[in-house]
Structure formats: structure tokens, C-alpha cells
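Numbers here simply count residues along the sequence, with the first being 1. Reckoned from all heavy atoms, side chains included, excluding hydrogens, waters and symmetry mates.
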Amino acid sequence: MADTTERRVARLAKQINAFAKSHGGSAEGSLAYIGRIGTRIVLVGENGEWGDLVAPTHDIAQRAAERAGITVHETLDGDLAAKIRTGPYEWKRMAAPLSIQRSQIGAPANT
């Protein structure tokens, strides 16, 4: 079990670092418990782009963020939220009825 946990932490840290590298060189984040699914890691890159990952537990999410060396904020508001750059895709999703909104995964870049 410890090996599996370590692999998950390492994989998430690698994904966080890849996100940071491709979005300006650094990132900040916030962790949010999402029930039995686990903990959502919301990432905001230096360039304002954002994305998220899901860890199976809060402990794994916290350890991955620490291993990646990102600053973790208590909540996704204030200074962190102000750094998020939204584009036409997000505005279109916000205007769409909930029944037809789709996942962030695979969304186009904010151009």
C-alpha cells in the first residue's frame, strides 16, 4: 500500500510540474475535498491558465503539492482567483444550461 501511495504522489507531482512548466514556469494551487472521489487540486499557472487534477485522498494531494513545490492556498478565492485568466470557452460554459455543460478536460486553450 505504501508503494502505491508513493507512486500516486510521484505521478501527481510530475503532472503538477508539467502543468507549471507549460504555463509560465510556476503554479499555485488550492485543495478541495470532493467527497468519496478524493481531493481536487486546482492549479493556476503563472500565465493565468488553470486546470485541475483529482487525488484519491487529501493526504496524497497535499504531499504531491509539497513535492512539486507549489504554494497551496487555503481557498480558491482572493489573490489566487484574481490570477485566473478566463476565455471564451469558460464564458460560454457559464452561460450554458447546466444540463449541457461539459467537463474542463479537453477544453480548448484560452485564446
**Q** What closest approach, in Å, do A64 and A13 show between heavy atoms, and which atom pair accounts for it?
**A** O-CB, 3.7 Å
**Q** Can you name the residues that form a side-chain hydrogen bond (donor to acceptor under 3.5 Å, both in side chains) with R8, not counting sequence neighbours?
**A**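 For R8, no residue satisfies side-chain hydrogen bond (donor to acceptor under 3.5 Å, both in side chains) once neighbours in sequence are set aside.
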**Q** Do I60 and V72 land in one hydrophobic cluster if side-chain heavy atoms of ILVMFWY residues count as linked below 4.5 Å?
**A**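 Yes, it is one cluster - the side chains of I60 and V72 are joined through contacts under 4.5 Å.
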**Q** What pairs meet the side-chain hydrogen bond (donor to acceptor under 3.5 Å, both in side chains) rule with one or both residues in residues 70-83, with sequence neighbours excluded?
**A** E28-H73, E28-K83, T75-D77
**Q** Heavy atoms only: give me the nearest I16-I70 pair and the separation to one decimal.
**A**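 The pair with the smallest heavy-atom distance is CG2-CG2, 3.7 Å.
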**Q** State, with a plain yes or no, whether a side-chain heavy atom of T39 is found less than 4.5 Å away from one of I34.
**A**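 Of all side-chain heavy-atom pairs linking I34 with T39, none is under 4.5 Å.
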**Q** Enter the distance from R36:CZ to T57:OG1 here, rounded to the nearest 0.5 Å.
**A**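 Atom-to-atom, R36:CZ and T57:OG1 are 16.0 Å apart.
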**Q** Kindly give the heavy-atom pair with the smallest separation between F19 and E49, and that separation in Å.
**A** CZ-O, 3.6 Å
**Q** Could you state whether V9 and L12 fall into the same hydrophobic cluster, counting links through intermediate Ile, Leu, Val, Met, Phe, Trp or Tyr residues with side-chain heavy atoms under 4.5 angstrom apart?
**A**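 As far as the 4.5 Å side-chain criterion goes, L12 and V9 are connected within one cluster.
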**Q** What's the shortest heavy-atom distance between A55 and I41, and which atoms?
**A** CB-CD1, 4.4 Å
**Q** What's the spacing between L31 CG and D59 CG if we round to 0.5 Å?
**A**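 Those atoms lie 11.0 Å apart.
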**Q** If you compare all heavy atoms of D52 against all heavy atoms of V42, which two are closest, and at what distance to 0.1 Å?
**A** CB-CA, 4.2 Å
**Q** If I compare all heavy atoms of S30 with all of L80, which pair ends up nearest, and what's the gap?
**A** CB-CD2, 4.0 Å
**Q** Name all residues meeting the side-chain hydrogen bond (donor to acceptor under 3.5 Å, both in side chains) criterion together with Q15; count only those two or more places apart in sequence or in a different chain, and write none if there are none.
**A** none
